[in-house]
Amino acid sequence: MRFGKIMLSVVMSVMFVSLLFVTAGAAGKEPIKIGAILSVTGPASFLGEPEKNTLVMLQDQINKAGGIRGANLQVIIEDSKSDETQAVLAAKKLLEKDNVVAIVGPSTTGESMALVPIMNAAKTPLVSCAAGAPITNPVSEREWIFKTPQYDTSAVEAIYTYMKKHGITKVGIITIATGFGDAGKKALHEIAPKMGMTIVAEEKYGPKDSDMTTQLTKIKAAGAQAVINWSVGPGQVVVTKNWHDLKMGIPLYQSHGWGSKKNIELAGKAAEGVIAPLGRLVVWDKLSDKHPQKALLKKFESDYKALYKSEPGTFGGHAYDSLMMVVEAIKKVGPDKKKIRDYLETGITKMPGTGGVYTMSAKDHCGLDAGAFEMVVVKNGDWEILK
Amino acid sequence: MFTVFLQFLFSGLTVGAVYALVGMGFNIIYNSTSIINMAQGEFVVIGGLFMWFFSETVKLPFFLSAILTVLAAGFVGLLMERFTIKPLKSNDLLLMIMVTIAVSILMRGLLMFKFGKDPYSYAPFTEGEPLNIAGAVIQQQTLWVIGITACCIVLLFLFFNRTMMGKAMRACAVDTTAAKLVGINVSRVVMISFILSAMVGAIGGIAITPISLMEYDKGPMLAVKGFCAAIMGGLGRGRGAVIGGFAIGILESMTAGYIHSGMKDAVALVIMLAILFFRPAGLFGSVAMSKLRKF
Amino acid sequence: MGRGNSIALVLLVLAVAGLPFVTTGSYTLTVGIFSGINALVAIGLCVLMGSAGQVSLGQAGFYGIGAYVSSVLSIKFGLPVALSMIAAMAVASAAAALLAVPALRLKGHYLAVATLGFGEIINVILNEWGPGGPSGFGDIPHLSLFGYTLSSTTSNFYFIWLCVAAGLVFSLNILNSMTGRSLRAIHGSETASIAMGLDIVALKIKVFVLSAIYASLAGALYAHYVTFISPSSFNLFYSVLALMMVVLGGITNVWGGVVGAVIITILPELLRKFEEFDVLVYGLILTLSLLFLRKGLVPLLIEKAARLKGGTDARA
Amino acid sequence: MLELKGISKGFGGVKALSLVSLSVEAGSVSALIGPNGAGKSTLLNAISGIDPPDEGEVIFSGERVNRLSPMAIARRGLSRTFQHLELFGEMTVLENIMVGRNARTKAGFLAAGLRLPSGLREERESLSSSEEILDYIKLGHHRDDLASNLPIGEQRVLEIGRALATGPKLLLLDEPAAGLNMRETRDLGELIKRIRTEKGITILLVEHDMDLVMRISDAITVLNFGEVIARGTPLEIQKDPLVIAAYLGDEAA
C-alpha cells in the first residue's frame, strides 16, 4: 500500500508537471505563428513524418535568412495521430491557445474534412496536405480551405494516357483498404469511361497484409492487360514482390505513393519495370535546366537529404508547398488572416512548387495544372522518365 | 481452374503460417497464467526489427543475428514479466490483460523511437526463384516459415512433455493452486512462460519479415489475428492454434479469391464466431477443460 | 441514489455549468465535449463490466453504428436529427441483442471474443458499404431541438454533458434498484442467483443492450458534433481505449467510467508538449496507473475518503 | 408436493444415484440422510435442476420439472440453500434477502432507470417484505452489514431467509447445521419448525446432525451408495438394521 501511495503521487506529479509545461509554453518576442496539424504518428505517419521534417527544416532556413518581415517564423506542429478527433482538438488548440494566423495540413483527407467547419467558423486559412477533391470543393462552402497536392484524378489521367499510348485498355486494379486507396479507386473508376478504359477486376487488401497473390491471380484470370496498385506503405512492396513471383506477364503500375527510393530498396529486383506517375521531386535531376521547378526541387531535396538522411518524397513536398504558399502570402500582406486568405486566392499565380506550378482562383483552391506528373519507370534500381 | 485454386491455397498458407506462429505464443502464456498477452504482436515485431538491426546494420552473420534476436526478445519478455506481471500479484485477469495492452503501447513507442516508421526487410533465408507447383507459385520463404512453425511445435512438445520445467508449466495450466501445493515454483513458471513466448514470437518475426516486411506498428494486427487463431483452435491448445492459424489464413485467401477481397477479414471472423457458438471450446479444445477456465 | 452520489452529481453539474464561464475560447470546451462522448461509452461499459462481470471488446462497433446510422438517416433520408439518433440507438440495441443471445449462453470469455469479432466486422462493413468508404463522409447536420440548432461548441458541450448526467442518473438508478441488485448478485454467485429464480441470461442480455445504447448515443453525438465521420474512428483501438477508461477509473463504480474517460481524453492534450515522446509517456502512465491503482481511481478515492472518516459506511 | 421416480445420475462411469424414488408430503419436514458420499447433495442438485438427472422424473406440484432450467424450477416455488454457502458476500444482509424477492418483480430496466412509479412501488413492497423476513429470521440487527462479515451460523440463517424471500412452496436445505454450535443448531431447528407450521412451507433437508434430524423430521429417507436403503419415521429409522450397518460399517451387520 505504501508503494501504491508513492506511485500514485508519481503518476499525479507527472500529470501535474505536464500541465505546467502546457501553460508555460508561450511568451518571447512576437514571432509569426503558423500552425501545422500532421499525422506524425498512427497509420498515416508515412505522410506526417516527412511533412513534419520538411516544416522543421523550412522554419530554420527561413529564420536563418532573416525571417518574414523581420519577425521570426514559428511553426507549431501538432500530431493528430492520424485521428479526426485529435485533429479537431489540435485545431482548436492552435487557433485559441497559440493564435496562429494559418494552419498547414492535416495530412489526410478525412482529418482535413473534419476541420472544414472549424476553419470556416474561425475565419482562418487552412492549406491542406491531403489530396481529396471534397476538401476544397465546392469552393463556395470552403472559403477558407486550400490544398496543394494534385487531385488523384490527375495521377490517374497520367497513367491512363500512358497506357492508351501502349495499347492497354483493360486494367485490373488493386487498392489498399484505407482512405488513400479508396480515393484512388474512386478516381480510377471516374476517369475510366472518359479515357476508354475498362476495369475488369477490382481487388483490395488491408494495410498490414502480408500476401496479395490471391488478388493478383484473380486480376490476371479476369483478363487484365495491366495491374494498377493504389497504395502506400509496405503493401506496395508486397504487391510488387508477389507480382514478380507470379511472373504475371502484364505490367504493374503504382500510384504516386510509390515515389521513394526506399520502395525500390525493399522490393529489390522485383521493382524492375514498375511504372508510376511521380511528382518531379524524385526525378528533378532528370529534368531540363529550363524547367521552372528544377532549381527549387534540387535545393529542397538535397537540403532534406543532408539533414535527415532520407528522402522527402512526394508527401514532404506537399508540406513544402503548403507552408511556402502561406509564407509567400505573409511576406506580401502581413500576418492577417483575412488578407492571407485573399492573397492565397488571388495572389498565387504561376508559383512553382514541388507538386507543380500553382495558380489559385476563386473557383479553384488547389490551382495545379494537369501534367504535374511524369511517368517514371524503375530501371537498374533508379528512376527513369518515360516519354 | 485448379492452378488458380492452388495459388489461393498457397497464399492462404503463407498468411496462415504467420498467424499460426503468433497464435502459438499466445498459448504458452495463456496456459500457465490464463492471461491473454496483448503484447504478443510486439514480440513478433521485435523479432523482425532486431533481426534487421543485427544482420543489416551491425552486419553480423545470419545465425548469430538470429540467436541474438531471440535472446534479446526473451530478455524483453523477462523484463515485462518482472516489472509488470509479477509485482501486480493480482487475481484480476482483466486488469492483467489491460496491463499487457498498456505495455504493448509502451513497446510500440520505444520501437518507433529506435526504428522510425518505415517498413524494414532483409533477404529471404534462401535466395532464388519461387517454387512452381502445377502452375502455382509459392515463395521459398513460405516453406521456411512452415518448416520453422513445425520445428517450434516439436520443440515445444518435447519441452512440455520431457523436461521438468515443461511438466511443471503444464501442471500450472491445469491447476495453479495444486501446482503450488506440490512445490512448483509458480512465479518461475510464469516468468519462463513469458520468456518462451517472447522467443517464439521473435522467431516468427524473423521468419516472416522477408515476406511481409516489418514496421513498428504491425503488432496489433498480428495480435488480433493470432488471437483469433488461438481461439479457433481452442485457447491453450498449442497445436490447435497452429491449425487455427492456417485455417484462418486459407479462409481469408479463399474468401478473397471466390467472394471478394474486401470481405476477407469479415468472412473469416464470421466463420470464427460461428465455430465459437457451435463449438465453444474451439475446434480442438475439450469442452470439459474449457469449463474450468476462469477467462 | 445515496448521498455520495447526489453530492457528486451536484458537483458535476456545477462544474459543467461553470466551465464555459471560466474558459476563453472553445478549446477546453472541445476537450470537454470529447470527454463527455467518451464518458457515455465508458458508463455503459462500466455497468456491463462492474455489475454483470462481462467484458466487451466491441464497443467501437456500437459507437460506429450510432454515428453511421444517425448520419445516414439524417442526410440521405432527411430525418430530423433527434429522430435519427433514436433510430440509431434502436439499431444498435437490436444488433447487441442479436449478438448477445448466442454469446451469453456460453460461459467465460466468449462475450469478449464475440464482441471483438463483432467490432471488427462492423468496421469492415463501414469500410466496404459505409457512405464514402474508408474516406468517410462529411456535411452531417448538427442536432436541432425545438427549432434550435446546436452548432456552437458551448451548446454542444452543454447538451452532451446533459446526456452524460442523464446517463449517469439512469445507470445509478438501475444499479440501486432491484435490477441492479440482481446484476450484482449474478456477479457474486451465479449458482445462487439461478437458484433464486433470476433469469441471468436475460439480465445479461439487457445490460449488454444497455451498454450498446450508451455507446451508440455517444457515436451519434460525435457524428453530429464533428459533422464528419470515417471508419477509422470506430475500430478496435477505440474499443480498447474505452476498456482502458473503465479499468483506469474503476469498474465497480459508474463514476469510474466518467473519471476514466475524462483522464484518457485529457491526457494526450497534456502530453502535447512532449511531442513525439507523448506515446512513451502515455504508455508509461497507463502502465503505472494500472499497476498501482488496480481497483481504479474512483474506488480507491472512496476507500481513502472512508478511511479518513474513520471507516464508517464506505459505499456510495 | 414432490415426487421422485427412478432418478439416476452418473459422473463419468461412477454411479452417484441409481433409481432413487422418494416422495415428500405437502406440509411435512422430510430429511435425507446417509453417510458421506451417499449422493445426498447430488440428489438436491438433481431436484433443483442445477445438475439435472440422467434418468428418471422429478414431479413438483404435479408437474414434471426435470427438463426445466434451475431458474424455471425456482420460479415454480422451489427454493434452496447451499452446503457451501453461496451468499452474495459483497452485498448487505438486507440486499441479499431483497435479491430473493427479485424474481417475483416485474419492473424492468426502464422502470428502474427512470424511477417510474411502477418500479418504485415494487421497490417499496420488496423492501417492506424483505424487512419482515429479516425480523422473522431474527437478523434485523445486521440489516446493513455485509453478508460476508456475518458469523457462519447467521450466514446459514440468512441463506434460509433469502430462500424464503422467493416465496417457495418447497424449501430444500443442504446441511443447514454444518459448522453450527449447539445453541445455534437448536435455534435453527426452531426456525425450521416455525417455517413449517407458521408459513406452511414444505421442507426437505439434508443433514448430518442426527439429533436435529430426529427432533424435527416427520419422515426420513436414508441413502447409501446412491440407493435408498430405508425410509420411515425417525423411530423406525433408528431401529433399522440396514441403516445402522451403513453408518457403523460392515462389522455391525
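Below, read A as the first sequence line, B as the second, and so on, with proteins coming before strands; counting in each chain starts at 1.
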Checking heavy atoms, do the side chain of [X], its backbone, both or neither come under 4.5 Å from chain B?
| X | value |
| --- | --- |
| C/V240 | both |
| C/I122 | neither |
| C/L236 | side chain |

Given heavy-atom pairs under 4.5 angstrom as the criterion, report whether the side chain, backbone, both or neither of [X] touches chain C.
| X | result |
| --- | --- |
| B/M96 | neither |
| B/V267 | neither |
| B/L273 | side chain |

What are the two closest non-hydrogen atoms of C/L280 and B/L106, and how far apart are they?
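Nearest pair, atom of C/L280 first, then B/L106: O-CD1, 3.4 Å.
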At their closest point, which heavy atom of B/A102 faces which heavy atom of C/L286, and how far apart are they?
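Closest approach of B/A102 to C/L286: CB-CB, 3.9 Å.
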Which value, rounded to the nearest 0.5 Å, describes the distance between [X] atom [atom1] and [Y] atom [atom2]?
| X | Y | atom1 | atom2 | answer |
| --- | --- | --- | --- | --- |
| B/M263 | C/I121 | CE | CD1 | 9.5 Å |
| C/L288 | B/T84 | CG | OG1 | 10.5 Å |
| B/M38 | C/L243 | CE | CG | 9.0 Å |
| B/I105 | C/I285 | CD1 | CD1 | 11.5 Å |

Heavy atoms, side chains only, cut-off 4.5 Å: are C/E120 and B/D265 in contact?
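No, their side chains stay 4.5 Å or more apart.
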Could you check if a side-chain atom of B/P220 sits within less than 4.5 angstrom of a side-chain atom of C/F237, using non-hydrogen atoms only?
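Yes. Closest side-chain heavy atoms under 4.5 Å.
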Let me see the working for C/T287 and B/F83 under side chain to side chain contact (heavy atoms under 4.5 Å, CB included), right down to the final yes or no.
CA-CA 10 Å; C/T287 313; B/F83 282 106; over 6 Å; no
Among C/G117, C/G296, C/G283, single out the residue with the greatest number of heavy-atom pairs under 4.5 Å to chain B.
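When all of C/G117, C/G296, C/G283 are compared, C/G283 has the most.
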Hey, is CZ on B/R82 packed in by over 12 heavy atoms from elsewhere, all under 6.0 Å?
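Check passes, neighbour count above 12.
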Using a 6.0 Å cut-off, check whether atom CZ of B/F113 has over 12 heavy atoms from anything other than its own residue.
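Atom CZ in B/F113 is crowded, with more than 12 foreign heavy atoms closer than 6.0 Å.
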